[in-house]
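Read the structure below first, then the notes.
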Amino acid sequence: MTDKNRNLIVRVATALLLLPGVLWLIWRGGMPFAALIAVAAAASALELNQLPGTAISGAAIASLAGAFAIPVLHEAPASGIEASAVLAAVVIVAFSDTLLFEEEIANAPRRVGLAVLGTAYPGILLGSLVRLRQLPRGEWWIVLAITVTWLNDTFAYFAGRALGRHKLYERISPSKTWEGAAGGAAGSIVGALVVQQVWLPEVPIWGAALIGAGAAVLGPIGDLAESMLKRAFGAKDSGRVLPGHGGLLDRIDALLFNAPFVLLCARLLT
C-alpha cells in the first residue's frame, strides 16, 4: 500500500468518526452549533498565528478569542456587540502586545497582521454558517454548503489522480490540475442539485446549479489562499489536529469561502 493510499484511508476514517457529532450539532442548531463553529474558528486562528513557528503570544491569544467570540455573538444578538467591535479590540490588543513584548520591530507587522487575520478569516467567514443555520430550513442549507464543498474536493482529487495533466496553479499548489478542477465542478453542481431535489425543493433548479458552480470557483480559491499562506511560511500543513488531514484550517479552507456565498444565495433565493 502506498503512502498516498494509506493517508486516504486515515482521512476517511477520521471523517467518519467526526461526522455523526457534527451532523447532530447541525440538526440541533442554536448555541450548541454556534459553539462548534466558534471552537473551529478559534482552532483555525491558533493554527494561522502559529504558521511562523513562533511561541504563542498575547496577540495570538487575542486572535483566538476574537475568532471564538464572533460566531457566538451571531447567536446572541441581544448582547449588542458587533463583529466589528471584536475586530477592533483584537487590533488594539495585538498592537499593545507587540509594542510591549516584540523585540524585533521587523516582526511587528507579521505579528499584528496574523492576529487580525486570524480573527477575520475564520471568525467572520466561518461565522456565516451560524447565520445560515438561523434561516428557515437552515439545517439543509448547511448540508448544501458542506455537500458542494466536500464533493468538489473529492471529485477534484480523484479526477486529478486519474486524468490530471495540466497544472492549475503550480506556483502555489503543484498537485492541482485543470482536469481535477473540472471534475470538482461536476461534483459540486451535481451535489447541489441532489440536495435541492431532496431537501430544498423551494429553491429553483437554476439557483442550485448556480450555487454548485459558484462553489466550484470559490472553494478552490479558498484552498489556494490557504496554501499561499502556508507556502509563505514554509509550512506543509497548518497543524496536526486531524489525523490524515493535517490542520483544521487545511480541511475547512474551501468552506470558509463557500459559506458566505451560500448564505448570500440563500437570502436571495428564498
Next on the checklist: With salt bridge (Lys or Arg N to Asp or Glu O under 4.0 Å) as the criterion, how do Arg133 and Glu139 come out once you've worked through the C-alpha distance, each side chain's angles and the decisive distance to 0.1 Å?
Outcome noted: CA-CA 6 Å; Arg133 180 61 183 86; Glu139 66 273 23; 3.5 Å; yes
Next on the checklist: With a 4.5 Å cut-off on side-chain heavy-atom distances among I, L, V, M, F, W and Y, is there a chain of contacts connecting Phe101 to Leu99?
Outcome noted: no
Checklist outcome for this item: To the nearest 0.5 Å, atom CD1 of Ile252 lies from atom CG of Leu129 at 9.0 Å
Checklist entry - If only atom types and distance count, is the side chain of Thr119 paired as donor or acceptor with the main-chain N or O of Ser63 below 3.5 Å? => result yes
Checklist outcome for this item: Between Ser188 and the options Asn152, Leu193, Thr147, the side-chain contact (heavy atoms from CB on, under 4.5 Å) test singles out Asn152
Item to check | Step-by-step side-chain contact (heavy atoms from CB on, under 4.5 Å) determination, Tyr121 to Leu249 | outcome: CA-CA 10 Å; Tyr121 177 33; Leu249 197 56; 4.2 Å; yes
Checklist entry - Roughly how far, to the nearest 0.5 Å, is the OG1 atom of Thr54 from the CG atom of Asn107? => result 8.5 Å
Checklist entry - Could you walk me through whether Val217 and Ile221 pass the side-chain contact (heavy atoms from CB on, under 4.5 Å) check? => result CA-CA 6 Å; Val217 175; Ile221 291 176; 3.9 Å; yes
Checklist entry - Can you tell me if CD on Glu202 sees more than 12 non-hydrogen neighbours from other groups inside 6.0 Å? => result yes
Checklist entry - Between the main-chain N or O of Glu104 and the side-chain N or O of Glu102, is there a donor-acceptor pair closer than 3.5 Å? => result yes
Item to check | Side-chain donor or acceptor of Lys167 paired with backbone N/O of Pro174 under 3.5 Å | outcome: yes
Checklist entry - Under the side chain to side chain donor-acceptor pair (under 3.5 Å) criterion, do Gln134 and Glu75 qualify, and how do the steps go? => result CA-CA 8 Å; Gln134 293 168 345; Glu75 193 58 41; 3.0 Å; yes
Item to check | CG on Leu135 to CD1 on Ile142, rounded to 0.5 Å | outcome: 8.5 Å
Checklist entry - If you group Ile, Leu, Val, Met, Phe, Trp and Tyr by side-chain heavy-atom gaps below 4.5 Å, do Val39 and Leu46 land in one group? => result no
Item to check | Heavy-atom donor-acceptor pair, Asp250 side chain to Ser238 backbone, under 3.5 Å | outcome: yes
Item to check | Interatomic spacing from CG in Leu73 to CZ in Phe68 - rounded to 0.5 Å | outcome: 10.0 Å
Checklist outcome for this item: Rounded to the nearest 0.5 angstrom, the CG-CD distance for Asn49 and Glu47 is 10.5 Å
Item to check | With Ile211, the side-chain contact (heavy atoms from CB on, under 4.5 Å) member among Asn258, Leu200, Val262 | outcome: Val262
Checklist entry - Within the side chain of Glu179, is there an N or O that forms a donor-acceptor pair under 3.5 Å with the backbone of Arg165? => result yes
Checklist entry - Passes side-chain contact (heavy atoms from CB on, under 4.5 Å), Tyr169 versus Ile172? Steps please. => result CA-CA 6 Å; Tyr169 203 157; Ile172 298 298; 3.9 Å; yes
Checklist entry - Any sub-3.5 Å donor-acceptor pair from Arg111's side-chain atoms to Thr98's backbone N or O? => result no
Item to check | Leu117 with Leu248, same ILVMFWY side-chain cluster at under 4.5 Å | outcome: yes
Checklist entry - Under a 4.5 Å side-chain heavy-atom rule over Ile, Leu, Val, Met, Phe, Trp and Tyr, are Val22 and Leu132 clustered together? => result yes
